Amino acid sequence: MTKFTSRIFLTLTVLFLFSATALAQSTHSVWSIKPLAVTDGQTGAHYSAFSSGNMATAWTETTKDAYFRAVAVINPNLKYDFRLVNTTANTTADMIEGLYDIRRNGVMVCHLCVGRAYRLSLPVGNYFKLYVGTPAAYAERWHYSGYITSRFDF
């Protein structure tokens, strides 16, 4: 009986390990400390010079588990903050679709607006993009892009 129990336990363990490996999903985290461009969707103003800026994102492929936040400081009197509030589709290795809040100098200027961050699968040195439209539809109105300065994939 002991051999039989051991064999069943070993078989179940092997099956569990193989199924866990097959179901494993890739998780990514990408960071930037070099903004490239920001476009204000209300005023149409385009910026390519910054005092500072940061972006951090983390997501697991094929799930709705994602985080995205990007901040660009144009000058001491002008700051943009882009935040993912909710994912609306399963993520991919390259893209996060969802609803974003955008603040200009701390004031909400676009609430629950449809957006898409992409080019997130590229290696360090390349740039990513975020475009955000309106609460009703995706459009390339609001924009944040930056160079990928660090990434961690597991």
Side-chain angles (χ1 to χ4, degrees), residues 15-154:
L15 285 172
F16 174 77
L17 290 175
F18 281 123
S19 63
T21 303
L23 294 174
Q25 298 151 322
S26 296
T27 298
H28 311 279
S29 187
V30 173
W31 304 285
S32 174
I33 56 171
K34 292 175 67 177
L36 177 62
V38 168
T39 301
D40 187 308
Q42 284 184 333
T43 66
H46 181 78
Y47 304 97
S48 58
F50 306 92
S51 295
S52 65
N54 293 287
M55 183 281 293
T57 186
W59 73 102
T60 301
E61 288 178 39
T62 71
T63 72
K64 291 186 177 184
D65 296 330
Y67 171 84
F68 183 100
R69 182 165 182 205
V71 174
V73 179
I74 312 306
N75 60 53
N77 299 314
L78 184 57
K79 176 182 172 181
Y80 289 89
D81 188 347
F82 296 77
R83 294 183 191 191
L84 176 67
V85 178
N86 188 20
T87 53
T88 55
N90 284 345
T91 59
T92 69
D94 192 62
M95 183 169 44
I96 301 170
E97 294 179 321
L99 302 177
Y100 290 80
D101 281 352
I102 302 170
R103 296 177 191 273
R104 182 190 318 114
N105 294 332
V107 176
M108 186 77 67
V109 290
C110 197
H111 179 57
L112 297 177
C113 295
V114 181
R116 180 180 302 145
Y118 60 97
R119 295 179 52 96
L120 297 169
S121 64
L122 298 176
V124 170
N126 289 279
Y127 62 92
F128 67 92
K129 294 181 177 187
L130 168 68
Y131 280 105
V132 179
T134 68
Y138 172 79
E140 295 184 355
R141 292 182 52 170
W142 296 89
H143 172 73
Y144 185 107
S145 59
Y147 290 100
I148 297 170
T149 56
S150 185
R151 72 175 304 118
F152 182 63
D153 303 290
F154 57 100

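Being a predicted model, the structure only gives us computed values, none of them experimental.
With sequence neighbours excluded, the residues forming a side chain to side chain donor-acceptor pair (under 3.5 Å) with Thr62 are Gln25, listed by chain and number. By the ring pair (Phe, Tyr, Trp, His ring centres under 6.0 Å) test, Tyr131 pairs with His143, sequence neighbours left out. Every residue was checked against the side chain to side chain donor-acceptor pair (under 3.5 Å) condition with Arg103, not counting sequence neighbours, and none meets it. Residues passing the side chain to side chain contact (heavy atoms under 4.5 Å, CB included) test with Asn77 are Asn75, sequence neighbours excluded. Remark: Trp142 engages no residue in a ring pair (Phe, Tyr, Trp, His ring centres under 6.0 Å) (not counting sequence neighbours). Remark: Thr39 engages His46 in a side chain to side chain donor-acceptor pair (under 3.5 Å) (not counting sequence neighbours). Shown here are the side chain to side chain donor-acceptor pair (under 3.5 Å) partners of Tyr80, two or more places apart in sequence or in another chain: Asp40.
To the nearest 0.5 angstrom, Glu61 atom CD is 11.5 Å from Met95 atom CE. Thr149 contributes atom OG1, which lies 4.5 Å from atom CD1 of Ile33 (distance to the nearest 0.5 angstrom). Thr92 OG1 to Asn90 CG: the interatomic distance, rounded to the nearest 0.5 Å, is 10.0 Å. Annotation: the span from Thr87 atom OG1 to Glu97 atom CD amounts to 10.0 Å, rounded to 0.5 Å. Here the NZ-OG distance, from Lys34 to Ser52, works out to 14.5 Å after rounding to the nearest 0.5 Å.
Among residues at least two apart or in separate chains, there is no disulfide (SG to SG under 2.5 Å) pair with a member in residues 118-154. Each disulfide (SG to SG under 2.5 Å) pair with one or both residues in residues 51-89, not counting sequence neighbours, would appear here, but there are none. Residues in residues 117-154 take part in no disulfide (SG to SG under 2.5 Å) pair, two or more places apart or across chains. Applying the disulfide (SG to SG under 2.5 Å) definition to pairs two or more places apart or across chains, those involving residues 84-154 are Cys110-Cys113.
For an aromatic pair to be called close, the ring centres must be under 6.0 Å apart, and Tyr100 with Phe82 fails this.
When His111, Arg69, Arg83 are each tested for a side chain to side chain donor-acceptor pair (under 3.5 Å) with Asp101, only one passes: His111. Here the rule is ring-ring contact (aromatic ring centres under 6.0 Å, His included) with His28, and of Trp59, Phe152, Phe154 only Trp59 fits it.
The pair Asp81-Lys79 does not meet the salt-bridge criterion, since no charged nitrogen lies less than 4.0 angstrom from a carboxylate oxygen.
With a 6.0 Å radius and a threshold of 12 heavy atoms from other residues, nucleotides or ligands, Tyr147 has its OH atom at or below the threshold. Other residues, nucleotides and ligands place more than 12 heavy atoms under 6.0 Å from the CG atom of Leu112.
Of the possible donor and acceptor atoms, none in the side chain of Thr88 sits under 3.5 Å from a partner among the backbone N and O of Val114. A donor-acceptor pair under 3.5 Å is absent between the side-chain atoms of Ser32 and the main chain of Asn54, judged by distance alone. Of the possible donor and acceptor atoms, one in the side chain of Thr57 sits under 3.5 Å from a partner among the backbone N and O of Tyr67. Although no hydrogens or angles enter the test, the distance criterion places a donor-acceptor pair under 3.5 Å between the side chain of Thr134 and the main chain of Ala136.
Between Arg141 and Gln42, the side chains place no donor N or O within less than 3.5 Å of an acceptor N or O (distance only, hydrogens not considered). Judged purely by distance below 3.5 Å, without hydrogens or angles, the side chains of Thr60 and Thr27 pair a donor atom with an acceptor atom.
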Listed pairs under 3.5 Å, donor-acceptor, residues 118-130 side chains, sequence neighbours left out:
from	atom 1	to	atom 2	distance (Å)
Arg119	NE	Tyr127	O	2.9
Ser121	OG	Asp94	OD1	2.6
Asn126	ND2	Pro123	O	3.1

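Across all non-hydrogen atoms, the minimal contact from Leu78 to Asn105 is CA-OD1, 3.2 Å. Considering all non-hydrogen atoms of both residues, Tyr47 and Ala45 come closest at OH-CB, 3.4 Å. Between Ser48 and Phe50, the shortest heavy-atom contact is C-CE1, 3.5 Å. In terms of heavy-atom proximity, Ala66 sits nearest to Thr91 at CB-CG2, 4.1 Å. Across Trp31 and Ala56, no two heavy atoms sit closer than the pair CD1-CB, 3.6 Å.
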* For Glu140 and Val132, run side chain to side chain contact (heavy atoms under 4.5 Å, CB included): C-alpha distance rounded to whole Å, both residues' side-chain angles, the deciding distance at 0.1 Å, then the answer. => CA-CA 6 Å; Glu140 295 184 355; Val132 179; over 6 Å; no

